[in-house]
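Sequence lines set the chain letters: A, B, ... in the order given, protein chains first and strands last, and positions in each chain run from 1.
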Protein chains: 2
Amino acid sequence: MAYAEQYIEKLRKSGLRPTKQRIKICEVLFDAEKTFHFTIKELVKIIENQANIKVSLATVYNTVHAFIRKGYLKEIPLNASQSYYDTNVTHHHHFFDEEENKLIDIHQDDVDEVNIKRTIPGKKIKSVEVIAKIVSDNQSQK
Amino acid sequence: MAYAEQYIEKLRKSGLRPTKQRIKICEVLFDAEKTFHFTIKELVKIIENQANIKVSLATVYNTVHAFIRKGYLKEIPLNASQSYYDTNVTHHHHFFDEEENKLIDIHQDDVDEVNIKRTIPGKKIKSVEVIAKIVSDNQSQK
DNA sequence: CAACAGTTTAGAATAAATATAATATATTAT
DNA sequence: ATAATATATTATATTTATTCTAAACTGTTG
């Protein structure tokens, strides 16, 4: 496992000690072939299925939020009942299918660069996200 | 009060009968000089301060959601602990100040048109929102 | 004024997220 | 390595937003 080193590095940079549980969280998040979206509960379920390690909700919350602070994960802005996170921290955007509660990536090439001309004194822009809500297209919309 | 007519119209179009409580909600939402952002709790507080009418949380939730369905209000996509709504339903975007939990409008002229080239079969885009998260700019960011 | 359909309400239920404090584990200096 | 110390994990309790529910209420119509 050459990966472990990277995970320990990520954890240390996030101000967390590398523990069994946290390394398992890293494996699930950063060892996947593709980037993906998840909720905390889904992440807990994946860990339970993949490993014989028990990880509590609290640990997952803490670790995920430490990674967000460090920029290893992104929170997807959505007024949903639960928070959605993304392992893809590159610049990209999302469709949100309101009927199926499903997120779909929009590659950055598919959206013109968002250029915000206004600034707020003393503040800098941390992130820019585009959310396009989509619904069924039943031709004749009343 | 010539306004009442408009409110009754809005309520009827939203599938709601015009009742005392609902008209009061309309007054607060649509009679303001400027558009504004609010949470459900804030809205309830405003009504309590402005009028001697008691309105329950449930009624406010129901009415606000009916208006959103009809397009008289917009929900602002944000992964915050509570939902934010906007009486400004014209095309515009937002800064979200993460440190002060404050929303700031970005006029549409200050953002280049967001053009999404990708489509999802059977779906149409209902709304496109840009959220720019901002934080303090302490020059030397560690 | 009685019957009825639709409203409002308080309070209960649900569920996400966070806090707590006891137990377990890891780190450090020796 | 080992003991002492610091930090992590966990189950549980708490908090808070939102939704649900059922009873009380309102207003309209015959």
Side-chain angles (χ1 to χ4, degrees), chain A residues 4-5 7-28 37-48 51-70 73 75-85 98 101 103, chain B residues 4 7-8 10-28 37-48 51-69 73 75-85 96 98 101 103:
Chain A
E5 305 276 311
Y7 301 152
I8 290 168
E9 186 68 12
K10 271 201 163 97
L11 286 166
R12 287 238 164 83
K13 283 189 177 169
S14 307
L16 300 174
R17 286 189 184 169
T19 64
K20 212 169 41 179
Q21 287 84 351
R22 288 171 179 164
I23 287 170
K24 186 67 216 172
I25 292 171
C26 287
E27 281 174 23
V28 170
H37 309 125
F38 64 94
T39 64
I40 295 291
K41 267 178 79 177
E42 284 167 3
L43 183 51
V44 170
K45 232 179 258 170
I46 293 167
I47 293 169
E48 278 175 0
N52 295 12
I53 299 171
K54 180 93 188 45
V55 182
S56 73
L57 264 184
T59 301
V60 175
Y61 271 107
N62 294 339
T63 308
V64 164
H65 286 144
F67 284 157
I68 287 171
R69 256 176 268 124
K70 195 66 191 175
L73 292 176
E75 194 169 12
I76 301 170
L78 263 189
N79 252 341
S81 53
Q82 47 186 344
S83 294
Y84 285 78
Y85 306 95
E98 288 197 322
N101 258 44
L103 276 163
Chain B
Y7 301 151
I8 291 168
K10 272 202 162 97
L11 286 166
R12 288 237 164 82
K13 283 190 176 167
S14 306
L16 300 173
R17 285 193 186 167
T19 64
K20 211 168 42 179
Q21 286 85 351
R22 288 172 179 163
I23 287 172
K24 185 67 217 171
I25 293 171
C26 287
E27 281 174 23
V28 171
H37 309 125
F38 64 95
T39 64
I40 295 290
K41 264 176 83 176
E42 285 167 2
L43 183 51
V44 170
K45 232 179 257 168
I46 294 167
I47 292 169
E48 279 174 1
N52 295 12
I53 298 171
K54 180 90 187 49
V55 182
S56 73
L57 264 184
T59 300
V60 176
Y61 271 106
N62 293 339
T63 307
V64 165
H65 286 145
F67 284 157
I68 287 170
R69 257 176 266 124
L73 292 174
E75 194 170 12
I76 300 170
L78 265 188
N79 252 341
S81 53
Q82 47 188 344
S83 293
Y84 285 77
Y85 306 94
F96 183 62
E98 289 196 322
N101 260 43
L103 275 163

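- Nearest heavy-atom pair across A:I68 and A:E75 is CD1-CB, 4.3 Å.
- In this structure, the CD atom of A:Q82 is 13 Å from the P atom of D:dT19, given to the nearest Å.
- In this structure, of D:dT9, C:dT18, C:dT8, it is C:dT8 that holds the atom nearest to the side chain of B:R22.
- The pair B:K24-B:E27 meets the salt-bridge criterion, with a side-chain N (NZ, NE, NH1 or NH2) lying under 4.0 Å from an Asp/Glu carboxylate O.
- Between the B:T63 side chain and the B:T59 main chain, a donor and an acceptor come within less than 3.5 Å of each other.
- Not one side-chain nitrogen or oxygen of A:Q21 sits closer than 4.0 Å to the OP1 or OP2 atom of C:dT25.
- Counting heavy atoms from C-beta outward, A:N101 and A:Y84 have side chains that approach closer than 4.5 Å.
- Here the shortest heavy-atom pairing between A:L16 and A:A66 reads CD1-CB, 3.7 Å.
- For the pair A:R17 and D:dA6, the criterion of a side-chain N or O lying under 4.0 Å from OP1 or OP2 is not met.
- Among the nucleotides C:dT8, C:dT18, C:dA17, the one closest to any side-chain atom of A:H65 is C:dT18.
- Checked against D:dA17, C:dA16, D:dT10, the side chain of B:K41 finds its nearest nucleotide in D:dA17.
- Contact annotation: A:T39 side-chain N/O to C:dA16 OP1/OP2 distance is not under 4.0 Å.
- For C:dA17, one of the phosphate oxygens OP1 or OP2 lies less than 4.0 angstrom from a side-chain nitrogen or oxygen of A:Y61.
- For the OP1/OP2 pair of C:dT7 and a distance below 4.0 Å, the side-chain nitrogens and oxygens of B:T59 include no atom meeting the criterion.
- Rounded to whole Å, the distance from CG on B:N101 to P on D:dA17 is 12 Å.
- Within the 4.0 angstrom heavy-atom criterion, no nucleotide atom of any strand lies near A:K20.
- Side-chain N/O atoms of B:T19 include none lying less than 4.0 angstrom from OP1 or OP2 on D:dT26.
- Among the nucleotides D:dA11, D:dT18, C:dT27, the one closest to any side-chain atom of A:R12 is C:dT27.
- Phosphate contact (OP1/OP2 of D:dT9, side-chain N/O of A:K54, threshold under 4.0 Å): absent.
- Atom-to-atom, CG of B:N62 to C1' of D:dT21 comes out at 12 Å; the value is rounded to the nearest Å.
- Distance, A:F38 CZ to C:dA16 C1': 15 Å, rounded to whole Å.
- Between A:Y85 atom OH and C:dA16 atom P there is a gap of 12 Å when expressed in whole angstrom units.
- Going from atom CD of B:E75 over to atom C1' of D:dT18 covers 12 Å, rounded to whole Å.
- Atom pair A:E42:CD and C:dA17:P shows a separation of 11 Å (rounding to whole Å applied).
- The nearest whole Å value for the distance from the CG atom in B:L11 to the C1' atom in C:dG6 is 14 Å.
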